[in-house]
Visitor: 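Please read through the structure below; I'll follow up with questions.
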Amino acid sequence: MAAPAPTPAADAGGDLYRAPPKVYPREVDGRFQRLRNLAVFVLLGLFYLVPWMNWTGRQAVLFDLPARKFHILGLTFFPQDFFYLSWLLILAGLALFFFTALAGRLWCGYACPQTVWTEVFLRIERWIEGDRLRRMKLDAAPWSAEKLARKGAKQAIWITFALWTGFTFVGFFTPVRDLGPRALSLSLGPWETFWSLFYAFATYGNAGYLREQVCKYMCPYARFQGAMFDPATLIIAYDPARGEPRGSRRKGSDYRAAGLGDCIDCTLCVQACPTGIDIRDGLQIECIACGACIDACDSVMEKVGYPRGLIRYATEESLAGRRTRILRPRVVIYGLLLFGGFAGFAWSVSHRVPLLVDVVRDRNALYRVVEDGAIENAYTLKIMNKGDAARRYRVTLDDADEIRFAGGGESLEVEVAPGEVLAVPVTLRAPAGEVTGRHEVEFEVEAVDDEDVKYEAESRFFGPMP
Amino acid sequence: MQRSPEVPVPRAQRWGAVVWPSFFSAGVATMVFFALFDPVELARLAWVGIEIDRKTGYTIGFFLFWALTFSACAFTSILTRTRHPGDDAADRGTR
């Protein structure tokens with residue numbers, strides 16, 4: 001094969017390797033910006049406040065990794081409850097399908113930590129360095145006392161905020177009320193220090209510098225969202241039928257007679273875009289569906305006296321002039337699955353029995369013949385107390401005919417410390433000649449103080465073959 | 001056969017495409033792995049005379065996983081690197 005001729009892309013190769021130009025998003029106000037502000041306020045409020053909240057004398061949400069216990073409100077979860085975590089992750093995936101099919105990247109625009117923290121860092125930048133034009137001017141200007149002061153102040157606030165974020169993150173894993181004073185006196189443990197700084201650095205880098213590049217280059221969601229879209233999905237779209245041909249015009253002129261559409265080509269939608277794209281080119285993978293362009297365009301439309309909604313939430317079908325059904329089978333099925341999944345999860349968590357029992361048969365011998373010809377089988381009962389207080393349990397045999405505890409008695413009682421697994425050796429005995437072959441036995445473990453806390457574990461009892 | 005012109009990928013994107021997916025999968029792997037295995041027990045089985053606390057175990061585990069996933073992602077990135085027409089260094093494999 002002959003060497004391919006150089007292409008424009010090859011000529012520009014050096015340029016394309018350069019860092020992409022910095023995006024200076026223009027500040028906008030409007031319905032979607034207010035929604036986004038609300039989302040930032042609620043989500044970050046939760047993040048920064050939740051570790052400080054207590055529930056019956058203990059941190060309400062504490063992922064106590066050193067003790068391998070997760071405390072969430074009044075509940076304590078152990079590694080054995082991993083099932084719930086996987087269930088939650090499946091629900092999260094399903095929710096992503098549902099919301100993406102319904103209205104595109106709602107997650108990206110409103111809830112993704114990347115977006116939310118970027119919004120805060122941008123807010124700080126705006127506060128210190130001024131609006132879009134002043135920021136661009138400041139960056140282009142040579143270093144001066146003012147530039148140094150402004151950049152220095154911004155960095156100081158950014159770094160403080162990032163450190164507080166890192167500290168809060170660690171506060172989810174270490175009791176924060178103990179961590180706070182130690183952080184102030186600079187006496188954190190090595191790993192606490194490390195993870196605080198790690199998370200602070202990640203926040204600083206991602207929200208301060210990488211910003212939209214994370215969404216454009218790193219996030220896989222942007223790439224596979226297309227598989228979840230269909231023509232009835234609400235997306236942020238420019239209405240070319242109404243807007244084109246775009247162009248500037250004098251106020252009050254009869255632009256329709258001049259052959260122009262509603263777009264006055266003010267480029268505010270482009271300036272407002274945090275990922276630096278032109279929504280008028282159609283849906284692009286860079287679009288994080290924040291709605292900034294809608295707000296920007298609506299404010300312009302109002303100013304020039306045109307109806308709002310030249311850029312709006314619309315479906316592909318409606319833009320093509322066809323009727324759209326938002327509540328289509330796909331959305332309904334996702335919605336039902338999601339609702340069922342959540343209901344089941346809530347039921348399962350609220351009916352969770354704080355007790356786990358596992359029976360392990362003695363591996364050395366199937367059975368043992370003792371003095372008077374009786375048959376004995378040995379087991380180890382592993383009783384885990386998943387509650388917050390020590391508890392006594394009564395172990396009984398259910399439906400076991402002639403098989404009894406070797407020590408005599410109908411039951412035995414044990415006490416298990418909270419969060420502990422107690423191994424209880426148990427020997428069962430059947431009188432001579434009564435039991436041959438294989439028998440099912442069932443151990444019933446029940447809390448002495450609460451008969452609802454009960455766990456049945458099955459095993460087998462073996463006697464000589466008949 | 002006419003080759004379509006290939007647009008080189010910005011460096012930030014190349015790094016991002018390696019760092020972020022590997023970080024994410026290392027996080028998930030760490031979570032699943034340590035939900036099943038207690039690092040203190042693992043250390044007791046594996047190393048005689050060295051005692052670690054759980055925080056150290058989790059951290060070492062996370063970075064081990066990240067090192068693994070990072071290498072895998074980086075290899076994929078190198079192997080699937082776009083060849084730019086006229087870029088001799090890439091053709092010789094020296095860059």
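Per chain, numbering begins at 1; letters A, B, ... match sequence-line order.
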Visitor: Counting only heavy atoms from other residues, nucleotides and ligands, does the tally under 6.0 Å from CZ of B:F75 exceed 12?
Guide: no
Visitor: Are the aromatic ring centres of A:F194 and B:F63 under 6.0 angstrom apart?
Guide: yes
Visitor: Non-hydrogen atoms of chain B under 4.5 Å away: do they reach the side chain of A:L85, the backbone, both or neither?
Guide: side chain
Visitor: Given that the side chain runs from C-beta out, which part of B:F62 has a heavy atom under 4.5 Å from chain A: side chain, backbone, both or neither?
Guide: side chain
Visitor: What's the shortest heavy-atom distance between A:F82 and B:M31, and which atoms?
Guide: CE1-O, 4.3 Å
Visitor: More than 12 non-hydrogen atoms from neighbouring residues, nucleotides or ligands closer than 6.0 Å to CZ on A:F97, yes or no?
Guide: no
Visitor: Heavy-atom distance under 4.5 Å to chain A: side chain of B:V18, backbone, both or neither?
Guide: neither
Visitor: Show the nearest heavy-atom pair for residues A:P79 and B:A35, with the distance to one decimal.
Guide: CB-O, 3.1 Å
Visitor: Calculate, to the nearest 0.5 Å, the distance between atoms CD and CH2 belonging to A:Q114 and B:W20 respectively.
Guide: 8.5 Å
Visitor: Which bit of A:Q80 comes within less than 4.5 Å of chain B, counting heavy atoms only: side chain, backbone, both or neither?
Guide: neither
Visitor: Between A:T174 and chain B, with a heavy-atom cut-off of 4.5 Å, which part of the residue counts as in contact: side chain, backbone, both or neither?
Guide: side chain
Visitor: Which answer fits A:F198, side chain, backbone, both or neither, if we ask what part of it has an atom under 4.5 Å from a heavy atom of chain B?
Guide: side chain
Visitor: What's the spacing between B:T59 OG1 and A:L65 CG if we round to 0.5 Å?
Guide: 9.5 Å
Visitor: Check the surroundings of atom CH2 in B:W15: do more than 12 heavy atoms from other residues, nucleotides or ligands lie under 6.0 Å from it?
Guide: no
Visitor: Got a second to check how far A:R68's CZ is from B:F34's CZ, nearest 0.5 Å?
Guide: 8.5 Å
Visitor: Determine the minimum heavy-atom distance between A:P66 and B:K55, stating which atoms define it.
Guide: CG-CE, 3.5 Å
Visitor: More than 12 heavy atoms of other residues, nucleotides or ligands under 6.0 Å from NZ of A:K69: yes or no?
Guide: yes
Visitor: Counting only heavy atoms not in B:F70, do more than 12 sit closer than 6.0 Å to its CZ atom?
Guide: yes
